Every structure is written in C-alpha cells, then in structure tokens.
Amino acid sequence: MKEELAKRYEPKDFEQRIYADWERGQYFTPVADKDRPKFSIVIPPPNVTGRLHIGHALVNTLQDIIVRWKRMSGFNTLWLPGTDHAGIATQMVVERDLHQKGINRHDLGREKFVEKIWEWKESYGNQIIDQLKRLGASADWTRLRFTMDEGLSRAVRKVFVSLYNDGLIYRGVAMVNWCPHCRTAISDVEVEYRERSAKLYYIEYPVEGTDRRLTVATTRPETMLGDTALAVHPDDDRYKDLIGREAIVPIANRRVPIIADPILVDPEFGTGVVKVTPSHDRSDYEAGNRNNLPRLQVIDETGRMTREAGADFEGLDRFDARKKVVARLKDEGFLKEVKDYQHSVGVHGKCDTDIEPMISRQWFVKIEPLAKPAIDAVRDGTIQILPQAWESTYFNWMENIHDWTISRQLWWGHRIPAFYCANEHMTVSEEDITACPQCGSTEVRQETDVLDTWFSSGLWPFSTMGWPENTPDYQTFYPTDTLITGFDILFFWVARMIMFGLRFTGKAPFSQVFLNGLVRDEHGQKMSKTKGNVIDPLDVIEKYGADAVRFTLAVLTSGRDIPLAEARMQGYSAFANKIWNASRFAMMHLDIELKNAGRIDVDDLKVLERWILSRLNETTREVNRSLATYRFDEAANLIYQFFWHDFCDWYIEMTKPVLLGKHGSDRDRNNARRVLLEVLDRSLRLLHPFMPFITEEIWQKLGGVEPSVMVAPYPVFAEELSDADAERLIDTMKGIITRVRNLRAEKGFTPKDRFRLYVNYEVERDARFFSEYSYLLTELARLSEVHVNEQAPAGAFQDAVNGVAIAVELPEKVVTAEELEKTRRELEKSRKELEGVEGRLANEQFVNNAPPNVVAGAQARRAELMARIEKLEKNE
RNA sequence: GGCCCUGUAACUCAGCGGUUAGAGUGGCUGCUUUACACGCAGCAAGUCGGGGGUUCGAAUCCCUCCGGGGCCACCA
C-alpha cells in the first residue's frame, strides 16, 4: 500500500484538496476523440445572483452522478456549466445594493447602471460556481457560459431576427400582465395564483331614467372609476328591458351603457350584472373590443390612480384608492353589501406583487407554429419525458398555449434588436444600424425593452455550443443526450428549449428529460424561511461532508418529491464512515497494489471468495440498470446494501480467519487478499458517482494504473464472476449462522454459551462445503463443535434452513413458557404457509396457467417447508 | 371546472400481477468481538385508506367512496 488512511473519517480533511486535484488533472474537460461515443448534458443555469440552495444541490448531484457514470463508462463526456443573467432578479439585487448607498438607478442612467451590474457580476457572479465545486460537480469549467456572453447574445439576435422575419415575432398593443413593482410586463407563466380571503363588494348603479338600481359584485371596487359599461346576459329576463339604457357610475357620476354580452356574463353567477372595465381586466378588455367600448385607464404603471380616476383619487396607490372608494360608496349609499370572499389572485412570482392587467405595446412570439413540432417530438418519442406522467402536463400546456410576451421594461438583459429612426421607421436587425434603411435618417435609436430571460435560456443547449457557428463543440456535442432539471421549469425552460431547438437546429436539443421533484422537509412541507425548515446545503456539507449529502439526495430521489431530513444525512455519513473503516481494515492486510495485482483466476478461488465476487457482480449489473433509468434511489441502495451488509457484515467477518493467518494455507491467504483488493476496488468505482470524494481518497491509495478513480472504468457485469452455486451455499451458511444466533437469544443463552451443531446435507459436494467451512460456522455462530452428516443426539433442537437439516445441542436449561411459545408460533407459521402453497399446487388452474418458474418455485418452497416442519415437530 | 400525483411498519419511502411485502431512521434486548459504538448481534412492529370487481393468483389492474398534494383554467 502506498500510504495509510487517516484513523478517522474527516471529509473536511480531503474533499477540497481532492477537488483541486481533479481540476489540475483536467478530468472534467472532454478530449476530442471521434472514436468514442459522446455523452453531453447542459446544466440548468442557476441565476448569477444565486446562492446554492438545496434544490441546486439536488439537481446538480443527480447530473454529476450521471455524468461521472457515463465518463467512467467510456463516453466522451461533457457537462457544460454556466449561469443565467436572470433579468429581473439581478436588476433587483443590484438596485437594492445601490439603494443602500442612496443611489437610484435613474440617477445613474441606463448605461451606467448596466455597467454596475456587470461589475457586480464579475465580483459576485461566480459564487454559486464555487459552491457547486464544494458539492463535487464535475462540470467542464473551461467551457463556463453566461447567457449574456457575446456568443450567446449573437445567438439571441439571430433567433429574434429570424422569428421576426418569419412573422413569428410581432409588436402590438394588448392586455398583458403588468407588475407595478417591477414596472414591467411579464408572461403568463410568470404569474402565480394565490388563494386569498378578500371582500366581495356589492355596488349599486342607478339606472338612468328609472328608479331602479343594478347591483354589481366586485372584488376590485377601485376599478369602477374606469367602468365604461354594465353588462347583462341578453336572455336574462330580469334585465332584458334595461339593455340599451344607461347606468350611472357612482362617485364618478358618469353615464355608461347597459349592454348585453353573452360571453362575459353568466346569468347564474352573482347578481347577473357585471361592471365592465376594459382597461383593467382581461375579460372586460375583450368585452370592450366586442362592444366597441371606450377605455378609461385609471391605474398607471406604478399602481397609482391616474388623473382619469378623478381629482380625489389621482396619485393614490390602488389599494388605498380601494379603501377610499369603499368609504365614499358607503357614505353616499351605493354600497349595498360586503361579503367575505375566497378567490385566487395573480401575483408576480418574483416579487409577490399583485398583477395589474394593463394595456400596453409589447413584443410577442406567435407560439403555435413553434409548439406544434414540439408536441410531435414528445408524442413520437424523439424526446422522452421522465417520469412519464409529466408528458400529459406538457401536452396539456402546449396544446393550450398562448402567445408569449417577450419584452420586458428592464435595463438588464438582451436589448431587443429593433431600431427606430426619426421618422418612426422600424428596422429589426442582427447588426446595430446607424442609418435607417428606409429613409436614410441617421437619427436611430434602439428599442429600450429587453427580452425575457427565458428567451435566451431557451437557446441554452445550442447557444452554449457555439451556434450559430458550426463549431467543433456544436458538431461533437449537440444535440445533448439528457436534461435533468426540476419540474417547476417545465414550461419556462424545457418547453421553450424544445421549441427553439427544433426550429433552429432541426434537432431535438436532448432525447431525454428527467424531471426531479422538489426538496421538502421530512414531513413533506415546502422548505421556507418563515417555516424555519430550510436546510442549507453548504451547512450540511460542512457538517457531514459532500459525499453524505449527495448520497442522501440520491437515495431519496425516486422521481417524486424529496422529503429531506438531517437525520438521513447523519445516517449516510455513517455509511461513509463505514467505507472508511472497512478500507482501513483492508489496507492493514493488503500487501499488493492494484497495478501489479494481476488478473483474478476465479477457478482458483474457494466458495466464499466466489460468493462475494458474484454478489458484487450482481450488484454491478443492477446498479448500471438503475442508473440507465434514472433510478438513483435503487442504485444507491444497491451499493449501500452490498457494501455494508454483504461485504462488511459477512465477507470481511468470514475472511478474517484466513486473512489473519488463523486458518488455511498461504495460498488461501493470498487469494483472500487478492479478492479483498478486488472487491474494494470495484466497490469504490461503483460508488464513485455517488460519493466522489471518499472513493477517490481511498482508491488512490490502492495503487491503480489510472491517476484518479474518476477516469478508471466503471464496473460492468462479467458473466464469469456470477456463481449461483456459491450464492446458494453461502446463503444457506448465513441462514444457519443466523438461526443459531437467534436460537441463542430466543432461548435465553449468553454469547459465552457454546453449542454443538449438526448439519445434514444430502448432496456430497455440499457436505464437503460444510465440512470445509465448519470453522466459520464455529466462529460466527459461536459453536463448540460442528458435525456434518452425523446423527444428532436425541433431544437436540431440530430445524431446517433452506432445506438443510440442522440440529443444535443446547446445554441443559429450564425452558420458559415464553420460549416454548416462540417455537410453537414458528411451527404454526410454517404450517399455515404450507397449507397455502399446497392449496395452490392442488389448483389445476394455477398449475396450468402460472408460468413454469412460478410453479417450480412453489414446489421447491413446499419441499422446504415440509422439511422444516418435520424437524420443528420433533422439538415438541 | 379540467388534468396529474398520492394514501404500504412509529416516521419517510421502495415494491406496481406471481412464492414468506422490503429499506433507512426510530424502538426494544444483549455485546469494550483484534476496521468502525458514525459499531456488532438479535428482536418487535404492517386488516398494503374503505368497499366492490377482474384473475388460477391483487399492495400491484379496473370501478367507487374517503383522505392528502400539485399543475392548469379570464368565473365578476
């Protein structure tokens, strides 16, 4: 051995050092090699303003597991990292920063402000990258991208201009979701709906020329100042006669028509009369268009009342205006009733401000022509979404998709490449222009709006590879293979990448999408600062090590939400500790290095060695299978189970006598050492994608050929290592040992009491096995003697394990009623089961219809049960 | 209103048509066993939400009821 492992497992002592080694070794950077198949994946770019939270930790752990697995499996692997400029979020952060220095972004002006953001990005923007490194992410940092890099910005312009020229981007006036706090339009998906308790106000509108009053219910009384009609259903007998008359808007004292609109009004709902405010409500806007109603804007882009709202309200915040309107209505006798009301309110997901529907001039993507091919790609299997249940969500959304509002009234982002001249001619161009191509005017100004952040992230899989240039990276690594991301950005990001990828590269940007769940607390609650149940990945990495954190996240990922508890990480750091100590033990007894260990000759090995290799081989096969289907939980559990229980609890204990020279020949001892090394080596490689640090720290000391375990080959199933016979024999031996152990506890004996064991096996070969390994039975079951195929003395306790008859000669002892009861129940259980199995076998339908292996299984089980019952009965 | 997920041991979850329903954590009883007390050995614990159906066979498929959760949708 090169060197010994430290006595204690202290992840802090080596994790960062090892990461630095990997970076120095440039193992994350794929080398151009046309002969090897490639595997590529792009990171869901975190916001530059981001600080690693548990969701990042999850999605990047999962990616890293797949990436390390593929890399070790021989693929030319690229994991391309980067960050997103995150328009609003970043602008807000820097604005807040400036605010503390008493500066307003308007004081600086656009250019200076954007400069400030770039400065901010240079100093703080890589924070999250460093944090991803702590987690062990093996992304190729030499290819780090940013959505506002020059190349990516060129891609944005190219796409914009192309869509514009194809008529798929247009500019127009429409009602959009407006955030009065951020003072920008946002798209439909950025609006989140929150259930809220509110009031429903019943307002009376006098009808001109009559003494009738129409009652209208609304949650937003302040908008009544902008009413330009009342509407009823044309077939509603209650109001039929009023259609065509005029009503008076209280407070404003304005006359508005009473119109009939069958689309807007549901006569069954509320009073059957609706106030129409075309400027401040989506459906009213449409009703206004249908009925040629005038628009009256009473709320401005900052959420304050306009002059149109009247002198009493002008300048008031919309919520203050609401109170004042209600008070006035009450005073003037127009407020009939106020009821508690539960409804959902649209808010801006980024800042939680109530959305104000607002008519404005914006840029839109005509989405249907893009959505169609994107639907087909998933439908025909070109792209597979996993877990599959998400496909219907995807279809549902894509089939009902609305045009995408892409312009934002922000300063930070990709400025829309449209130019206006003094004569208001508009030119959309990839290159900046200095003169108007239509009139030659040199007074040219660029559109002030920027693009939705998701517009540029929608190009991520190919813009990061150099598109629109046909770069070597683009040729080699595009399209990517898989995408791993949270389901929460299925619409924001995944759908748009599919649409853009198909349109601009002619290829699906990835063939598989794995959507991971949300990390929640141990009781399934969302993590939030107010609930105080947030787990900070950096904290827990500090406490338990990155390996334990990663393993925990992997083991909890079964495709659904992830209920995370710190206790779990504690548990898996215990696993890391176990690995550490088992390795330490192994290394104390190893005298060879991997690189000159030579091949193992399985035929030269005894059953015990063949058994552990067979178990490991089986585990290897299953781990590879599970990873191929993104079953991180299965894969992680398989390795855990094998390493801890098969390898540590059984194999190491069983090999100790030989290893310590207490049993067997030198040759046996050398074989044991060789196998110990082999199992450790393969286990570490198998485990590496999950726990990269500890596996590296240990594996390096095994003296392998490769400089790092991360570039060593990933274990694959090898036919010659499988040995069903060895598995059966050792299983039986384990069963016998366990039976003796629980007999000891069951009958109230102490570990010091030693028994004589009689094992009767009918097959000669198996009898030889038990004779050969009787020393192990003795050792692990704490026996005094083992007799194989000898008559057990009368009075010995009899049982059968896997069909092998055993008898244990227990020392004289008073047997309690409780102990007898236990034995009786054991027998009863077997009898009952036998009854079931026999019933099944007696059923012709079962024998005829069930697959042969199931029937054979039942028969074998019957034999086993019968043997067991026969023996157990003798104890009565 | 539409769509989707979900109810399995005290807790959190696997298992999703085939024998005896598993894991981690927790609980209980022993153990300083020469790598590890972040350990070892053993034990207890489940009418697989209720009901009905399909099947030789159902935790697993279908129906229904009850209970959780999510997404989408302009109900004033």
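Residue numbers start from 1 in every chain, and the chains themselves are labelled A, B, ... in the order their sequence lines are given, proteins ahead of strands. Remember, it's a predicted structure, so these values are computed and weren't measured experimentally.
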Plane angle bin for A:F514 and A:Y630 - parallel if under 30°, tilted between 30 and 60°, otherwise perpendicular: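 Taking A:F514 first and then A:Y630, their aromatic rings lie parallel (interplane angle under 30°).
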
Donor/acceptor link under 3.5 angstrom from A:K578 side chain onto base of B:rC36: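 It does, because a donor-acceptor pair links the side chain of A:K578 to the base of B:rC36 below 3.5 Å.
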
hbond_proxy A:E634 side chain to B:rA23 base (donor-acceptor, 3.5 Å cutoff):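 A donor-acceptor contact between them is absent.
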
Gap between atoms CZ and P, on A:R739 and B:rA41 respectively (whole Å):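 Rounded to the whole Å, the gap is 18 Å.
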
Nearest-Å distance once atom P is located in both B:rG22 and B:rC28: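 Here B:rG22 and B:rC28 have their P atoms 24 Å from each other.
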
Nearest to side-chain heavy atoms of A:D649, which nucleotide of B:rA76, B:rC40, B:rG18: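 Selected nucleotide: B:rC40.
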
When you compare the protein's N or O atoms with those of nucleotides 72-74 of chain B, which come within less than 3.5 Å of each other, and at what distance?
residue: B:rC74; atom: O2; partner: A:S283; partner atom: OG; Å: 3.3

Could you list the donor-acceptor pairs under 3.5 angstrom formed by side chains in residues 561-569 of chain A, with sequence neighbours left out?
residue: A:D561; atom: OD1; partner: A:L518; partner atom: N; Å: 3.1
residue: A:D561; atom: OD2; partner: A:R520; partner atom: NE; Å: 2.6
residue: A:D561; atom: OD2; partner: A:R520; partner atom: NH2; Å: 3.2
residue: A:E566; atom: OE1; partner: A:K543; partner atom: NZ; Å: 3.0
residue: A:E566; atom: OE1; partner: A:Y544; partner atom: OH; Å: 2.6
residue: A:R568; atom: NH2; partner: A:Y572; partner atom: OH; Å: 3.2

Do any side-chain nitrogens or oxygens of [X] fall under 4.0 Å of OP1 or OP2 in [N]?
X	N	result
A:R584	B:rU34	no
A:K199	B:rA76	no
A:R741	B:rG42	yes
A:K656	B:rA35	yes
A:N637	B:rG24	no
A:T219	B:rA76	no

Touch class at under 4.0 angstrom, heavy-atom based, for A:V847 against every strand present: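 Contact class for A:V847: none.
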
Stems where RNA chain B pairs, listed by first number, each of three or more Watson-Crick or G-U pairs under 3.5 Å: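 In RNA chain B, stems of three or more pairs: B:1-7 with B:66-72, B:10-13 with B:22-25, B:27-31 with B:39-43, B:49-53 with B:61-65.
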
